[in-house]
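Data block below; observations after.
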Protein chains: 2
Amino acid sequence: MAHYVAVDWGTTSFRLWLIGDEGAILGESRSREGMTTARETGFTSVLDKHLADVGAPADAPVIMCGMVGAKQGWVEAGYIDVPAKLSDISGKAVSVPGQTRDIRILPGLAQRDVNAADVMRGEETQLLGCAESMKNSDCLIAMPGTHSKWVRVVRHEVLGFSTFMTGELFDVISRQSILQHAVKDAAGFDGGHPAFLAALHTSYKEPELATNRLFSIRARGLLFSLSPTDAEATLSGMMIGLELAGALKQAPKDTPVILVASGKLRGLYEAAFHRLGVTSTTIDADDAVRRGLSQAARDIWQQDEGSRA
Amino acid sequence: MAHYVAVDWGTTSFRLWLIGDEGAILGESRSREGMTTARETGFTSVLDKHLADVGAPADAPVIMCGMVGAKQGWVEAGYIDVPAKLSDISGKAVSVPGQTRDIRILPGLAQRDVNAADVMRGEETQLLGCAESMKNSDCLIAMPGTHSKWVRVVRHEVLGFSTFMTGELFDVISRQSILQHAVKDAAGFDGGHPAFLAALHTSYKEPELATNRLFSIRARGLLFSLSPTDAEATLSGMMIGLELAGALKQAPKDTPVILVASGKLRGLYEAAFHRLGVTSTTIDADDAVRRGLSQAARDIWQQDEGSRA
């Protein structure tokens with residue numbers, strides 16, 4: 001099919017790819033102009049600037065996902081209720097009115113169970129991009145981040161999902177709580193750090209002591225001169241261990257896990273799975289969203305091209 | 001014994017009582033001049049002002065507890081390591097040098113176990129004030145707050161304790177996280193609120209889903225128009241339920257609980273214990289600290305008077 005543009009537009013980030021024949025990446029443009037910024041400067045002007053950056057043809061259609069489709073976004077794209085087939089997502093894309101080119105925004109997913117209410121917006125497109133790796137089996141997709149998503153998929157149908165506030169809690173605790181003093185000037189750590197792995201395991205085994213273990217980081221600073229780096233690695237291990245204690249119980253034991261992650265989080269979760277004996281394969285998060293957008297573009301516009309032929 | 005002055009001097013609060021014969025309260029003075037303020041304006045001037053307010057005799061000695069004895073306080077009063085007898089606390093009080101009257105600060109308690117490191121400062125005096133209610137038995141003392149303390153006491157000996165960051169996490173989550181929008185303009189709730197009790201029970205039963213349940217407050221706002229008051233009651237119930245899941249496992253089942261609390265927290269924890277079938281008795285937190293300070297004053301100065309007689 002002809003050129004199209006794929007956009008992942010989140011709360012605080014913007015990523016655009018110009019895609020050519022056979023899915024070739026012809027150009028890429030990124031910035032911090034997420035939904036929050038674009039609400040002030042205007043969605044059209046942000047998009048136009050990035051389209052110009054990559055030299056997108058004037059008639060190339062645009063497929064988008066993420067918070068751009070939220071109620072506070074550009075055009076509300078709603079939610080599809082789970083259980084839902086991955087192949088349903090593209091068909092529910094919403095057009096942005098009054099544009100010179102065809103621009104569509106993919107919907108999110110909603111779990112309308114009052115005892116397990118949940119929503120996602122953006123991650124459904126990553127799921128679509130992982131479809132090939134899922135084969136036809138039962139699997140658990142882990143998408144760590146500010147709000148980590150764990151999704152149960154059986155034969156390409158999303159049965160349900162759970163969001164864990166891991167990344168955001170790590171941030172507010174390390175910046176706003178009494179632990180800010182313990183982690184100040186931490187030098188960085190990775191998934192092999194002994195304090196990370198020890199805290200991960202303890203928290204996974206005893207999730208009920210989560211808020212007590214948090215305070216013990218402070219007490220270890222006072223009584224045992226815990227270093228800021230060890231304190232930060234411990235805090236990270238505790239938060240991820242608590243997430244895994246809950247998330248891994250959402251599917252039968254030994255359900256294969258597909259980790260969708262990149263950068264530092266990828267390393268931390270791979271190390272965590274290894275420590276806990278969880279079998280997993282990893283898909284790069286950037287690749288997943290781009291592939292998901294491409295799949296949606298093919299679903300939407302190849303069909304149009306077919307009907308015009 | 002003669003008049004003495006009892007002071008509970010915390011991070012953000014100051015409370016002083018002038019005590020006369022038989023423990024009669026002759027005067028009381030309170031302010032927000034906690035350690036943080038006093039470090040700037042001077043500990044002596046804050047104390048002198050409150051002593052003048054209640055008309056304390058020039059020779060009345062002063063017994064103090066709380067963060068005034070921390071490293072960043074007036075004079076560091078150190079920690080007594082647990083296990084420790086409650087009767088050991090008074091003997092380790094530290095004198096403030098260079099004063100015209102006898103001023104002493106009580107030490108805190110430390111648990112120097114690297115896998116369960118913990119500290120308290122101020123609550124040890126509340127424990128001392130609860131000694132009569134403990135009789136000679138095995139009990140669990142619950143002191144909810146910013147940093148909730150749970151203390152195992154057997155025959156007036158503190159075997160160990162655990163701090164849970166419940167109150168502080170409730171604050172940072174409701175003010176700094178994405179949930180701030182869900183709880184904005186909440187109208188207030190008490191321990192009988194159905195959303196509080198439901199969340200308490202769920203969180204107590206499934207502590208491993210704590211950070212997932214937190215996000216579900218956000219999702220219920222989007223999908224089910226959860227009210228700000230129900231959202232705040234749910235958040236509170238979740239945080240207290242998580243604390244109780246961990247804290248109640250620290251002692252054998254059916255160990256009697258003594259709740260040391262006042263105000264709103266007293267009502268929430270009493271309702272929580274009732275909901276979970278935990279037997280508890282309550283001691284007012286203000287009474288406990290004043291009684292503990294009085295006990296320490298008697299231990300320190302009646303002995304002096306006796307030796308002078």
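For clarity, every value in this text was computed on a predicted model and none was experimentally measured. Proteins get letters first, then strands, A, B, ... in listed order; numbering begins at 1 in each. Side chains included, hydrogens not; waters and symmetry mates left out as well; all remaining heavy atoms used.
Considering only heavy atoms from C-beta on, A:L209 comes within 4.5 Å of B:Q250 through its side chain.
A:D81 does not touch chain B: none of its heavy atoms, backbone or side chain, sits under 4.5 Å away. Using a 4.5 Å cut-off between heavy atoms, A:Y204 does not touch chain B at all. For chain B, no part of A:I217 is nearby; none of its heavy atoms comes within less than 4.5 Å. If you measure heavy-atom distances from A:K149 to chain B, the contacts under 4.5 Å come from the side chain alone. At a 4.5 Å heavy-atom cutoff, A:K71 makes no contact with chain B through either its backbone or its side chain. Only the side chain of A:L222 comes within less than 4.5 Å of a heavy atom of chain B; its backbone N, CA, C and O stay farther away.
With a 6.0 Å radius and a threshold of 12 heavy atoms from other residues, nucleotides or ligands, B:K205 has its NZ atom at or below the threshold. No more than 12 heavy atoms of other residues, nucleotides or ligands shown are found within 6.0 angstrom of NE2 on B:H274. No more than 12 heavy atoms of other residues, nucleotides or ligands sit less than 6.0 Å from atom NZ of B:K184.
Between B:F215 and A:V119, the closest heavy-atom pair is CE2-O, 3.9 Å.
With hydrogens and angles ignored, the 3.5 Å screen pairs a side-chain donor or acceptor of B:E168 with a backbone N or O of A:I178.
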**Trace of the side chain to side chain contact (heavy atoms under 4.5 Å, CB included) decision for A:W150 with B:N212** = CA-CA 10 Å; A:W150 283 76; B:N212 167 233; over 6 Å; no
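Each of A:L169, A:T146, A:T166 has some count of heavy-atom pairs under 4.5 Å with chain B, and the biggest count is that of A:L169. Taking chain B as the reference chain and counting heavy-atom pairs below 4.5 Å, the highest number among A:V172, A:T163, A:L244 is found for A:T163. Comparing B:G241, B:P207, B:S177 by heavy-atom pairs within less than 4.5 Å of chain A, the highest count is held by B:S177.
Taking CD from B:Q176 and CG from A:D171, the interatomic distance works out to 11.5 Å, rounded to the nearest 0.5 Å. To the nearest 0.5 Å, the span separating CZ on A:R220 from CG on B:N115 amounts to 7.5 Å. Atoms NZ and CD, on B:K249 and A:E206 in that order, are 8.5 Å from each other to the nearest 0.5 Å. Here the straight-line distance linking atom CZ of A:R213 with atom OG of B:S162 works out to 8.5 Å at 0.5 Å rounding. Atom CZ of residue A:F224 and atom CZ of residue B:R112 lie 7.0 Å apart, to the nearest 0.5 angstrom. The line from OG of A:S216 to CE of B:M165 is 10.5 Å long, rounded to the nearest 0.5 Å.
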